[in-house]
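Let me begin by presenting the structure, written as structure tokens, before commenting on it.
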There are 2 protein chains.
Amino acid sequence: MGRVAVDLVVPDVLEESCATRQALERLATKWRVLLIYSLLPGPQRPAGLRRRVPGITQKMLTETLRGMADDGLVARRVLKADPPQHVEYELTPLGRTLEQPLAAICGWARDYGSR
Amino acid sequence: MGRVAVDLVVPDVLEESCATRQALERLATKWRVLLIYSLLPGPQRPAGLRRRVPGITQKMLTETLRGMADDGLVARRVLKADPPQHVEYELTPLGRTLEQPLAAICGWARDYGSR
DNA sequence: CGGGATCCAAATTGATACTG
DNA sequence: CAGTATCAATTTGGATCCCG
């Protein structure tokens, strides 16, 4: 009764197709974490988000929010269709599940960030 | 007795110069989290890291590790100086303080990552 | 006027070949 | 085996223009 040499080609947790890996890549971008963090208090309008995330461009704001909307992390809502167009972004329930993990990271950043 | 309109120019937690913000940006890059994660079990050599982080380039591996070394997150050690050069990277104590926060994120990725 | 889109320059990343 | 150099490809920033 031989022992087959399988070698268990360890499908590492970081395999590119792995859910964990993909989820991480959905967060570890320059702006997503900052935007989610800024949306935790509640719905925000683009202008407000630009203030809360200094340095972000109009463009990256729009693109990043749209990408996060595609991933189901935020929802976009139009408040007024009239000339002065008003729009609001808010975290979805899924997006809000990030609050705890993000708090852990922010806590670390506070405690050890200064190095 | 008038009320002065101060407006409290909220020095938001995400001010570009803020420690939290800078710490976050040191993590929220495409490769750092994955590399730190891969280094948690112990010291690793570049070749091994490339296997553990599929998709990373020789270049980004080197550059990212060097950047993390500059930030004090990892340490580089040369094992042999001879032609077949051997090198090892490992997390510093500071780098290891990321284990818990990272576990929180990875847990999220596992639970909600599939969406 | 606020939100978003477009176009082009600048910065990052990827792919590959090459050196110690 | 690690790391560097080089050039193409992708991504980001900046300024501007458009639409309601």
Side-chain angles (χ1 to χ4, degrees), chain A residues 14-17 21-22 24-36 38-39 42-71 73-91, chain B residues 14-17 21-22 24-36 38-39 42-71 73-91:
Chain A
L14 299 181
E15 205 57 47
E16 288 186 84
S17 56
R21 166 79 176 263
Q22 294 184 327
L24 281 176
E25 292 191 352
R26 279 214 290 270
L27 295 179
T29 71
K30 187 171 185 181
W31 301 116
R32 289 200 173 199
V33 173
L34 298 175
L35 283 173
I36 294 169
S38 300
L39 284 166
Q44 307 285 332
R45 294 182 35 200
L49 287 173
R50 290 194 64 176
R51 271 186 292 101
R52 284 165 177 279
V53 185
I56 195 172
T57 317
Q58 177 95 293
K59 183 190 182 183
M60 290 318 295
L61 179 66
T62 301
E63 287 186 2
T64 306
L65 285 171
R66 186 158 53 78
M68 293 197 293
D70 289 346
D71 287 347
L73 295 174
V74 303
R76 179 182 188 262
R77 197 190 316 166
V78 179
L79 303 178
K80 271 175 57 181
D82 302 88
Q85 184 182 200
H86 281 220
V87 177
E88 211 177 64
Y89 289 91
E90 71 177 329
L91 292 176
Chain B
L14 300 182
E15 206 57 47
E16 288 185 86
S17 56
R21 166 80 175 261
Q22 295 185 325
L24 280 175
E25 292 191 351
R26 278 215 292 271
L27 295 178
T29 71
K30 187 172 184 182
W31 303 116
R32 289 199 173 201
V33 174
L34 298 176
L35 283 174
I36 294 169
S38 300
L39 283 166
Q44 307 284 334
R45 293 183 36 200
L49 287 173
R50 290 194 65 176
R51 270 186 291 102
R52 284 166 177 280
V53 184
I56 195 171
T57 317
Q58 176 95 291
K59 182 189 183 184
M60 292 318 296
L61 178 67
T62 302
E63 286 185 2
T64 305
L65 285 171
R66 185 159 53 78
M68 293 197 293
D70 289 345
D71 288 347
L73 295 174
V74 304
R76 178 181 188 262
R77 197 189 319 164
V78 179
L79 304 179
K80 271 175 57 181
D82 303 87
Q85 185 181 197
H86 281 219
V87 178
E88 210 176 64
Y89 289 91
E90 71 177 328
L91 291 177

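Numbered from 1 within each chain, the chains take letters A, B, ... in sequence-line order.
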Working for side chain to side chain contact (heavy atoms under 4.5 Å, CB included), residues A/Val74 and A/Leu35
CA-CA 10 Å; A/Val74 303; A/Leu35 283 173; over 6 Å; no
I'd like to know if the side chain of B/Arg32 and the backbone of B/Arg26 have a donor-acceptor N/O pair within less than 3.5 Å.
yes
Please check this pair: side chain of A/Arg21 against backbone of B/Pro54, looking for a donor-acceptor N/O pair closer than 3.5 Å.
yes
What is the separation between atom [atom1] on [X] and atom [atom2] on [N], rounded to the nearest whole Å?
{"X": "A/Leu61", "N": "C/dG2", "atom1": "CG", "atom2": "C1'", "answer": "12 Å"}
{"X": "B/Tyr89", "N": "D/dC1", "atom1": "OH", "atom2": "C1'", "answer": "12 Å"}
{"X": "A/Arg77", "N": "C/dG2", "atom1": "CZ", "atom2": "C1'", "answer": "18 Å"}
{"X": "A/Leu65", "N": "C/dG2", "atom1": "CG", "atom2": "C1'", "answer": "15 Å"}
{"X": "B/Lys80", "N": "C/dG20", "atom1": "NZ", "atom2": "P", "answer": "19 Å"}
{"X": "A/His86", "N": "D/dG20", "atom1": "NE2", "atom2": "C1'", "answer": "12 Å"}

Using the side chain to side chain contact (heavy atoms under 4.5 Å, CB included) rule, take A/Leu27 and A/Ile36 through it: C-alpha gap first, then chi angles, then the decisive distance, then the call.
CA-CA 9 Å; A/Leu27 295 179; A/Ile36 294 169; 4.0 Å; yes
Note: for A/Ala47 and B/Pro84 on DNA chain C, the residue whose nearest nucleotide lies more 5' is A/Ala47
Taking every non-hydrogen atom, the tightest pair across [X] and [Y]:
{"X": "A/Leu34", "Y": "B/Glu25", "value": "CD1-OE2, 4.0 Å"}
{"X": "A/Tyr89", "Y": "A/Pro46", "value": "CE1-CG, 3.9 Å"}
{"X": "A/Arg52", "Y": "A/Ser38", "value": "CB-OG, 3.8 Å"}

How far does the helix from C/dC1-D/dG20 to C/dG20-D/dC1 bend, going by the axes of its first and last five pairs, to the nearest 10°?
30°
Quickly, which of A/Asp70, A/Thr64, A/Asp71 forms a side-chain contact (heavy atoms from CB on, under 4.5 Å) with A/Met68? Name it, please.
A/Thr64
Applying side chain to side chain contact (heavy atoms under 4.5 Å, CB included), run through B/Arg76 and B/Val87 and close with a yes or a no.
CA-CA 7 Å; B/Arg76 178 181 188 262; B/Val87 178; 3.8 Å; yes
Between B/Arg45 and D/dA2, is there a contact of a side-chain N or O with OP1 or OP2 at under 4.0 Å?
yes
Between A/Arg76 and C/dG4, is there a contact of a side-chain N or O with OP1 or OP2 at under 4.0 Å?
yes
In the 5'-to-3' direction, what one-character label does each nucleotide of nucleotides 7-19 of chain D receive under the scheme B = base within less than 4.0 Å of a protein heavy atom, S = sugar-phosphate only, - = no such atom?
-----BBB-----
At under 4.0 Å between heavy atoms, what does B/Arg50 touch on the DNA or RNA strands: base, sugar-phosphate, or nothing?
nothing
